[in-house]
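Here the structure comes first, spelled out in structure tokens, and everything after it is commentary.
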Amino acid sequence: MAMTKKYWLMKTEPDVFSIDDLKRDKTTLWEGVRNYQARNYMTNEMKVGDLALIYHSSTVPPGVAGIMEISKAAAPDATQFDKKSEYYDEKSTRENPRWHCVQGKFSKKFSHFVTLDQLKSHPALKNMLALRKGNRLSITPVTESEFNTIVASGESAR
DNA sequence: GCCAACGTTGGC
DNA sequence: GCCAACGTTGGC
């Protein structure tokens, strides 16, 4: 029996890594997550074939830029062992790594960037986890209908 | 286990 | 650059 596909929203600062970088590179390791709840989503719940909305944060305006498909399950994040990396974690060991990351592959860039204002004003998204006040998690689950609503906005002719 | 102090996120 | 909201750390 095939597992039900899950949907996610994953934040990235496009100055660091953008949907265009993903399109160019084809795949990416989602390195640098240093929050346990976000990590747990990757290690415990994300499966190959899941789809993630790529959200550009700290931009004007912020919003959803496209879609990435999860292409490899979570594995230890190499940057935690790299002393030169800003993601280095001295408390992490190779025997017992703290941080993991999934691999994603480019799926699509929306023809229309879906801004945070549009997300907030859409009735079908009023319960969306990522939009709740104070939510700073870089990875959040998205329902299938929320996902489809956002994709429809991103792909709509305007 | 509590909680104050501190650090980070991310919209504005 | 500000700051609300939240997560993490570490002393006790």
Side-chain angles (χ1 to χ4, degrees), chain A residues 6-25 28-46 50-68 70 74-104 106-143 145-147 149-156 158:
Chain A
K6 289 196 172 107
Y7 300 91
W8 305 93
L9 181 144
M10 299 173 82
K11 296 181 189 174
T12 180
E13 294 190 23
D15 288 352
V16 179
F17 188 80
S18 72
I19 191 78
D20 292 316
D21 295 327
L22 179 59
K23 185 174 184 178
R24 179 197 64 215
D25 296 348
T28 189
L29 292 170
W30 206 259
E31 293 170 330
V33 171
R34 295 294 180 267
N35 171 284
Y36 289 104
Q37 203 175 340
R39 179 206 65 181
N40 290 344
Y41 282 136
M42 286 197 285
T43 54
N44 302 342
E45 298 194 38
M46 255 184 217
D50 285 3
L51 297 177
L53 299 164
I54 298 301
Y55 179 92
H56 285 178
S57 66
S58 297
T59 54
V60 182
V64 180
I67 303 172
M68 177 174 84
I70 305 306
D77 178 344
T79 63
Q80 69 196 303
F81 308 122
D82 179 1
K83 285 187 179 172
K84 292 195 217 86
S85 169
E86 62 174 312
Y87 302 125
Y88 176 68
D89 184 343
E90 62 177 5
K91 291 179 182 162
S92 203
T93 64
R94 287 184 186 276
E95 297 71 36
N96 194 13
R98 277 187 169 187
W99 306 112
H100 291 67
C101 59
V102 295
Q103 184 199 68
F106 177 76
S107 174
K108 71 168 58 166
K109 179 180 176 178
F110 289 157
S111 54
H112 301 281
F113 185 78
V114 184
T115 68
L116 178 58
D117 277 348
Q118 290 175 275
L119 298 175
K120 283 177 174 171
S121 63
H122 204 301
L125 303 176
K126 66 176 165 46
N127 294 320
M128 196 169 141
L129 208 53
L131 299 183
R132 294 206 189 142
K133 188 177 155 79
N135 194 315
R136 301 176 310 162
L137 260 189
S138 65
I139 299 176
T140 48
V142 173
T143 68
S145 77
E146 288 165 349
F147 182 87
T149 296
I150 294 169
V151 173
S153 297
E155 296 289 285
S156 66
R158 249 177 284 162

CA sep, side-chain torsions, deciding dist, call: Trp99(A), Tyr36(A), ring pair (Phe, Tyr, Trp, His ring centres under 6.0 Å): CA-CA 8 Å; Trp99(A) 306 112; Tyr36(A) 289 104; 4.7 Å; yes
4.5 Å side-chain heavy-atom contact, Met42(A) and Val33(A): yes
Ile139(A) CD1 to dC6(C) P, straight-line distance once rounded to whole Å: 19 Å
For Asn35(A), answer base if it contacts any base atom (sugar-phosphate contacts may also be present), sugar-phosphate if it contacts only those atoms, and nothing otherwise; contact means non-hydrogen atoms under 4.0 Å. sugar-phosphate
Starting the side chain at C-beta, find the nucleotide from dG7(C), dT9(C), dG11(B) nearest to Arg98(A). dT9(C)
Under 4.0 Å from OP1 or OP2 of dT8(C): is there any side-chain N or O of Lys91(A) that close? no
Starting at atom CD of Glu13(A), determine the distance to atom C1' of dG11(B), rounded to an integer number of angstrom. 12 Å
Can you see if the side chain of Tyr36(A) gets near the phosphate of dT9(C) - specifically, an N or O under 4.0 Å from OP1 or OP2? no
Rounded to whole Å, please give me the gap between CG in Leu137(A) and P in dG10(B). 9 Å
Candidate nucleotides dG10(C), dG11(B), dG7(B), ranked by approach to the side chain of Arg136(A) - the nearest: dG7(B)
May I ask you to evaluate whether Lys120(A) reaches the phosphate of dC12(B), defined as a side-chain N or O under 4.0 Å from OP1 or OP2? yes
Are Lys83(A) and Asp89(A) ion-paired here, with the side-chain N under 4.0 Å from a carboxylate O? no
Expressed as a whole number of angstroms, how long is the span from Gln37(A):CD to dC6(C):P? 12 Å
Atom CG of Leu131(A) and atom P of dG11(B) are separated, to the nearest Å, by 10 Å
Protein-nucleotide distance (Lys11(A), atom NZ; dC6(C), atom P), rounded to Å: 12 Å
Check this for me: does any side-chain nitrogen of one of Asp20(A) and Lys23(A) sit under 4.0 Å from a carboxylate oxygen of the other? no
How close or far is atom C1' of dG11(B) from atom CZ of Arg132(A), stated in whole angstroms? 18 Å
Test item: Lys11(A) side-chain N/O and Ile139(A) main-chain N/O as donor-acceptor pair under 3.5 Å: no
Whole angstroms only, please: what is the OH-P distance between Tyr87(A) and dT8(B)? 13 Å
Distance-only donor-acceptor test (3.5 Å): side chain Arg34(A), base dT8(B): no
Is any side-chain nitrogen or oxygen of Lys133(A) closer than 4.0 Å to OP1 or OP2 of dA5(C)? yes
